[in-house]
**Q** 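My questions all concern the structure below.
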Amino acid sequence: MADSETRPGTDERYDPQAIERKWQLVWEAENTWVVANPGSPEFDESKPKSYVLEMLPYPSGEPHVGHLKTYSVGDAIAHFRRRRGYRVVHPMGYDAFGLPAENAAIQTGEHPREATEKSIASFREQFMRWGISIDWTRELGTHEPSYYRWTQWIFLKLYERGLAHRHEAPVHWCPKDQTVLANEQVIDGHCERCGTLVELRQLEQWFFRITEYAQQLLDDFELLESWPENVVTMQRNWIGRSEGAEVVFRCGELDLDFPVFTTRPDTLFGATFFVLAPEHPLTEQLAEGTEHEQAVREYVNESARASAEERADEAHQKTGVPLGREVVNPVNGERIPMFVADYVLMEYGTGAIMAVPAHDERDYEFAKAFGLPIRRVIEGTDPEQARDDDGLPFSGDGQMVNSDRFDGEHNREAYGEIVSWLASDGRGEAAVNYRLRDWLVSRQRYWGAPIPIVYCDECGMIPVPEDQLPILLPDVEDYAPKGRSPLAAAEDWVRTECPSCGGDARRETDTMDTFVDSSWYFLRYLDPKNDEQCWSKEVANYWMPVDQYIGGVEHAILHLMYARFFIKALHDIGVLEVREPFANLFTQGMITRDGAKMSKSRGNTVSPAENVERFGADSLRTYICFMGPPIKGGDWSDEGVEGIFRFLARLWRLGREVAGRAEPGGSTDGADGHARELLAKAHWAIDKATRDIEPRFQFNTAIAAVMELVNEIYRLKDGLYGEPTGAATVRFATATAASLLFPFAPHLGAEVYEWLEDARVWEQPWPEADPELLERDTYMLVVQVNGKLRDRIEVAADTEEGELVELAKGSQNVQRHLDGKAIVKEIVVPGRLVNLVVR
RNA sequence: GCGGGCGUGCUGGAACUUGGUAGACAGGCCAGGUUUAGGUCCUGGUGCUCGCAAGAGCGUGGGGGUUCGAGUCCCUCCGCCCGCACCA
């Protein structure tokens with residue numbers, strides 16, 4: 001369509017396709033959203049920086065409505081900040097490695113790279129079609145060798161610092177995807193990706209020592225400016241810090257020490273038995289030679305077969321077997337029997353517990369099931385609890401009993417004394433325990449970054465020297481997982497030379513978890529073409545941290561905690577100043593349709609591409625921001641999009657009419673009557689929209705304010721064209737509407753603004769509300785009698801309190817309700833209401 | 001079970017800062033107008049009940065409380081959603 005079609009007065013209808021294409025070409029031709037780094041000649045020091053970032057998409061097929069929402073929200077913020085005087089970097093990339101592309105490859109034979117790059121092309125095209133203001137010079141895909149070279153480099157740095165290590169451990173194995181998974185990727189015992197029940201397997205794997213940073217991950221919440229409370233809570237719970245003591249129970253017979261972690265050292269005197277997890281490495285040795293040997297072996301094997309879910313499911317049905325051994329309770333020298341039971345988890349603490357049935361529900365159940373003694377050592381101060389012998393298990397606080405020299409003390413006070421008493425002769429010590437496990441990062445899959453390690457018979461495990469990076473992912477014929485990485489089949493690739501001795505060596509064939517790729521992409525955006533280093537320190541230190549991060553809450557733990565860990569490690573490695581990657585986090589809610597999550601199998605998906613075709617990107621983006629507060633989810637409605645389309649068309653027509661009737665540049669000074677009223681409405685809308693966009697992220701009400709302004713212009717405009725300041729005011733109000741709508745509907749905003757002001761709206765500062773115009777000279781005084789609304793009276797803004805009361809009493813409707821009654825109280829809230837209390 | 005959040009017209013939602021006009025703005029529906037026609041555009045109406053109207057009564061999940069005044073604060077019950085779930 002010819003350019004002239006979008007000029008005022010030459011066509012009949014709002015044609016979003018033409019307008020959007022026009023502006024997209026301008027932005028592309030002029031590199032409007034490209035931003036220079038410090039050190040480059042174009043760098044403008046005068047502005048403060050702002051890094052606005054949305055979580056990068058995983059490219060699979062075409063973008064869906066969730067993507068549209070994320071980038072619409074992020075783009076609104078990016079535009080808003082630019083016009084508020086910030087130098088904004090707003091990049092885009094693709095989280096391109098991962099299982100779905102690989103699984104598709106197994107089915108179709110198409111190389112995952114091809115499928116992924118096809119999808120990337122489709123994402124890129126859609127993002128451009130949506131008019132998202134991205135600096136495309138910074139685009140990257142995590143599957144590109146120029147990117148994963150640095151993923152491998154970071155791996156080596158972590159390895160150097162002892163933060164990447166390989167060891168054997170019970171790990172989660174997904175039998176469908178044929179790979180191990182990180183703890184964080186197991187949801188209720190199921191694979192996060194495919195939903196299959198996971199198994200526990202004893203395997204040697206690569207881990208990142210995120211546990212080293214457990215305390216920092218907790219402490220540094222302090223450094224964040226604004227994160228949703230629920231995300232912080234979820235991470236806190238996931239890290240799961242507990243304070244307590246490690247206490248050693250000794251099995252003299254076999255000369256073995258069994259340390260346990262407990263948060264209740266004050267209940268040590270109540271320990272009547274001792275339990276090991278079935279996976280505990282010493283169970284076999286303990287049972288050996290006892291009458292229980294066979295039973296223990298069977299129980300351990302049984303537990304190994306059972307999934308984590310099955311074990312959790314039999315929640316209240318405690319099972320276990322005796323070991324036929326005893327350990328000594330270090331506080332009283334008592335010998336207590338040992339058991340193996342699956343309610344004790346190997347992954348937490350030491351894999352062994354002291355059982356205090358009187359004060360722990362789980363131990364209580366086990367004791368009841370196995371007829372074991374239950375000894376109360378704390379009496380509740382609540383008289384009812386104290387009296388009631390059967391108030392067990394009792395988890396509250398109170399006086400210690402049956403506890404030797406501590407009898408009579410309050411348990412909270414004895415707590416510290418017991419710990420230091422044990423510590424004094426090496427029987428235990430104060431300890432902190434975390435639920436957080438190390439991050440398992442190796443995967444037995446093809447489509448990921450190879451781990452840059454080589455195994456040599458002579459030298460052992462050798463990291464690949466930096467100058468040999470990247471270790472390129474070789475092409476293979478068969479992607480199907482067989483319990484080992486498909487890379488193992490690429491014999492030529494696997495066989496290599498030892499970097500240390502030059503002899504024969506073999507490459508590590510596992511690839512890295514894709515969450516490794518996405519833990520640092522926001523740093524590479526800052527310096528994406530750098531071949532010398534991962535990023536220039538100067539550049540990264542300038543832009544970091546991300547000032548506003550936007551994405552789905554589903555990443556509350558996984559991605560957001562891994563990235564936090566990475567940034568702390570990179571700080572310690574010395575390549576980055578900041579300690580936290582994301583200063584502010586916004587999590588948007590999910591869009592549903594007919595109340596259900598959109599999915600292909602349900603057939604309730606909404607295609608952004610189709611809708612953009614029909615209504616234009618502006619309508620779609622504005623609708624998504626208008627359907628409710630973006631933090632909440634919302635149900636998709638086709639009528640809703642049409643409604644927004646009608647509104648945009650209404651603004652378009654208004655702009656055209658105003659452009660044709662009022663000359664640019666008229667002054668609104670001295671506007672009075674309706675002109676003043678309209679001017680005030682425009683400034684009200686500026687004020688409202690500004691406060692709603694940031695920090696509230698209430699885009700729906702910001703857009704509603706613009707709608708109100710447009711409605712007001714329609715209501716008043718025809719009477720204003722004849723007045724001295726009228727036409728200029730209508731023009732100003734209309735241009736303001738376009739300007740305020742620009743972050744949500746950038747194409748139409750730019751178009752209408754250009755007609756009216758002959759300028760580029762994105763180059764104009766965000767409008768400021770004039771405080772004088774926000775003040776009204778009159779307001780509606782609310783008059784209540786006994787708190788019930790009886791009248792509204794228009795009064796001058798500066799009316800005195802006494803006069804307000806007189807005016808209120810003078811109202812006819814109020815009079816009727818006062819009739820024959822005495823006024824006992826007059827409440828006056830100036831600027832708002834008068835309430836007359838009568839009896 | 002534990003922790004957190006929410007509950008407002010037919011629907012999405014508004015009422016923020018500070019307890020002070022409940023239902024902004026939209027969608028839907030109803031009526032009227034413009035149009036050859038329209039899935040266009042414009043105007044009006046739309047919480048419930050009574051009333052021609054003016055107006056009155058009721059109304060923010062149920063019950064109770066604080067207050068001149070409660071969607072908002074407190075207590076309690078019900079319902080829905082999310083997170084965690086044998087973490088010693």
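Order of the sequence lines fixes the chain letters, A, B, ..., with proteins taken first and strands second; residue numbering starts at 1 for each chain. What's counted below: heavy atoms across the whole structure, side chains too, no hydrogens, waters or symmetry copies. Bear in mind the structure is a predicted one, so any value in this text is a computation, not a measurement.
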**Q** Calculate the interatomic distance between A:I644 atom CD1 and B:U11 atom P; express it in whole Å.
**A**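 That distance rounds to 20 Å.
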**Q** Parallel, tilted or perpendicular: which describes the rings of A:H559 and A:H555, with under 30° parallel and over 60° perpendicular?
**A** perpendicular
**Q** For B:C75 and B:C81, measure between their C1' atoms and round to the nearest Å.
**A** 24 Å
**Q** Within the 4.0 Å heavy-atom criterion, would you say A:S242 contacts the bases, only the backbone, or no part of the nucleic acid?
**A** sugar-phosphate
**Q** Polar atom pairs between nucleotides 30-36 of chain B and protein, under 3.5 Å, N or O only, would you list them?
**A**
none

**Q** Rounded to whole Å, how long is the line connecting atom CG of A:D687 with atom P of B:C16?
**A**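 In whole Å, B:C16 P lies 15 Å from A:D687 CG.
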**Q** With rounding to the closest Å, how many angstrom separate the C1' atoms on B:C73 and B:U67?
**A**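 One C1' to the other, the span is 10 Å.
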**Q** Over 60° means perpendicular and under 30° means parallel, so tell me whether A:F339 and A:F370 are parallel, tilted or perpendicular.
**A** perpendicular
**Q** Measure CG/A:L833 against P/B:A15 and give the value in whole Å, please.
**A** 20 Å
**Q** Have a look at B:G44 and give me syn or anti from its glycosidic angle (syn if within 90° of zero).
**A** anti
**Q** Any side-chain donor paired with an acceptor under 3.5 Å for A:N813 and A:D791?
**A** no
**Q** If you measure from the P atom in B:C74 to the same atom in B:A88, how many Å do you get, rounded?
**A**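 Each nucleotide's P atom is 31 Å from the other's.
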**Q** Any side-chain heavy atom of A:F221 sitting closer than 4.5 Å to one from A:Q235?
**A** yes
**Q** Do the charged groups of A:E826 and A:K809 touch, with an N to O distance under 4.0 Å?
**A**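 So A:E826 pairs with A:K809 through a salt bridge.
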**Q** Can a donor-acceptor pair be found between the side chains of A:Q215 and A:Y434 at a distance below 3.5 Å?
**A** yes
**Q** Mind checking the P distance from B:G62 to B:U11? Whole angstroms is fine.
**A** 15 Å
**Q** Assess whether a salt bridge exists between A:R437 and A:E184, defined as any Lys/Arg side-chain N lying under 4.0 Å from an Asp/Glu carboxylate O.
**A**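 Salt bridge absent between A:R437 and A:E184.
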**Q** Is there a donor in the side chain of A:W684 and an acceptor in the side chain of A:E708, or the other way round, less than 3.5 Å apart?
**A** no
**Q** Are a donor atom and an acceptor atom from the side chains of A:N433 and A:R241 found within less than 3.5 Å of each other?
**A** no
**Q** Side chain of A:L345, heavy atoms from C-beta onward: which of B:G38, B:G20, B:A88 has the nearest atom to it?
**A** B:A88
**Q** Just by distance, no angles: are the side chains of A:Y364 and A:S395 close enough, under 3.5 Å, to form a donor-acceptor pair?
**A**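 The answer is no; no qualifying pair exists.
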**Q** B:G23 and B:U46: how far apart are their C1' atoms, nearest whole angstrom?
**A** 12 Å
**Q** Indicate yes or no: at least one non-hydrogen side-chain atom of A:L181 is less than 4.5 angstrom from one of A:E192.
**A** no
**Q** Please determine, for the side chain of A:Y343, which listed nucleotide (B:A85, B:C86, B:G39) has the closest atom?
**A** B:C86
**Q** Listing time: all N or O pairs from protein to nucleotides 68-70 of chain B that are below 3.5 Å?
**A**
residue : atom : partner : partner atom : Å
B:C68   : O2   : A:N835  : ND2          : 2.5

**Q** Round to a whole Å and report the spacing from NE2 of A:H555 to P of B:G83.
**A**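 Between P of B:G83 and NE2 of A:H555: 14 Å.
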**Q** Assess the side chains of A:S303 and A:D342: does a donor N or O sit below 3.5 Å from an acceptor N or O?
**A**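 Per modelled atom types, A:S303 and A:D342 side chains form no pair under 3.5 Å.
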**Q** Decide, yes or no, whether a salt bridge links A:E677 with A:R715 under the criterion of side-chain N to carboxylate O below 4.0 Å.
**A** yes
**Q** Hey, does the side chain of A:N329 reach the backbone of A:E334 with a donor-acceptor pair shorter than 3.5 angstrom?
**A** no
**Q** Of A:K632 and A:W684, whose closest RNA chain B nucleotide lies nearer the 5' terminus?
**A** A:K632
**Q** Please check if any side-chain donor atom of A:T211 sits under 3.5 Å from a side-chain acceptor atom of A:D438, or the reverse.
**A**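 Present: a donor and an acceptor within the cut-off.
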**Q** Starting from the 5' end of RNA chain B, give me the residue, A:G628 or A:R832, whose nearest nucleotide shows up first.
**A**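 It is A:G628, whose closest nucleotide lies nearer the 5' terminus.
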**Q** Write down the distance separating the P atoms in B:C6 and B:U72, rounded off to the nearest Å.
**A**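 These two P atoms come out 13 Å apart once rounded.
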**Q** Taking the side chain as everything from C-beta on, heavy atoms only, tell me whether A:L268 gets closer than 4.5 Å to A:F249.
**A** yes
**Q** Any chance you could list the contact pattern along nucleotides 53-61 of chain B? Use B for base contacts, S for sugar-phosphate-only contacts and - for none, protein heavy atoms under 4.0 Å, 5' to 3'.
**A** --SSSS---
**Q** OP1 or OP2 of B:G28 versus the side-chain N and O atoms of A:R646: is any pair under 4.0 Å?
**A**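 A:R646 to B:G28 OP1/OP2: side-chain N or O found under 4.0 Å.
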**Q** Can you pull out the residues from residues 702-718 of chain A that lie within a 4.0 Å heavy-atom distance of RNA chain B?
**A**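 Correct list: A:A704, A:M707, A:E708, A:N711.
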**Q** From CZ of A:F626 over to P of B:C25, roughly how many Å is that when rounded to an integer?
**A** 10 Å
**Q** Would you say A:Y299 and A:T283 are linked by a side-chain donor-acceptor pair, where the criterion is simply a distance under 3.5 Å?
**A**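 The answer is no; no qualifying pair exists.
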**Q** So does A:R653 get a side-chain nitrogen or oxygen closer than 4.0 Å to the phosphate oxygens (OP1/OP2) of B:C42?
**A** yes
**Q** Any chance you could encode RNA chain B as dot-bracket? Rule is Watson-Crick or G-U wobble with both distances under 3.5 Å; [ ] for pairs crossing earlier ones, | for another strand.
**A** (((((((..(((.......[....)))((((((.......))))))((((....))))..(((((..]....))))))))))))....
**Q** Cationic tip of A:R250 within the cone over A:F258's six-membered ring, i.e. under 6.0 Å and within 45° of the normal?
**A**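 Verdict for A:F258: no cation-pi partner in A:R250.
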**Q** Could you state the OH-C1' distance from A:Y415 to B:A88, rounded to the nearest angstrom?
**A**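 That distance rounds to 11 Å.
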**Q** Indicate yes or no: does A:K318 engage A:D363 in a salt bridge with an N to O separation below 4.0 Å.
**A**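 Salt bridge: no.
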**Q** Any idea which of B:C16, B:A85, B:G83 is nearest the A:M234 side chain?
**A** B:G83
**Q** Rounded to whole angstrom, note down the P distance from B:U8 over to B:G71.
**A**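 One P to the other, the span is 15 Å.
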**Q** So, is A:N700 near the phosphate of B:A14, with a side-chain N or O under 4.0 Å from OP1 or OP2?
**A**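 A:N700 to B:A14 OP1/OP2: side-chain N or O found under 4.0 Å.
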**Q** Would you say the side chain of A:V837 lies within less than 4.5 Å of the side chain of A:I823, judging by non-hydrogen atoms?
**A**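 Side-chain contact under 4.5 Å: no.
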**Q** Rounded to whole angstroms, how far apart are CD1 on A:I631 and P on B:C6?
**A** 11 Å
**Q** Let's see if you get this right: which residues in residues 635-643 of chain A place a heavy atom under 4.0 Å from RNA chain B?
**A**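 Residues of residues 635-643 of chain A under 4.0 Å from RNA chain B: A:E639, A:G643.
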**Q** Just verifying a value: how many Å separate A:D618 CG and A:S72 OG, rounded to the nearest 0.5 Å?
**A** 10.0 Å
**Q** Work out how far the P atom of B:U49 is from that of B:A15, and round it to whole angstrom.
**A**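 My reading of the P atoms in B:U49 and B:A15 gives 28 Å.
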**Q** Can you tell me the distance, in whole Å, between the CG atom of A:D266 and the C1' atom of B:A88?
**A**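 Rounded to whole Å, this separation is 13 Å.
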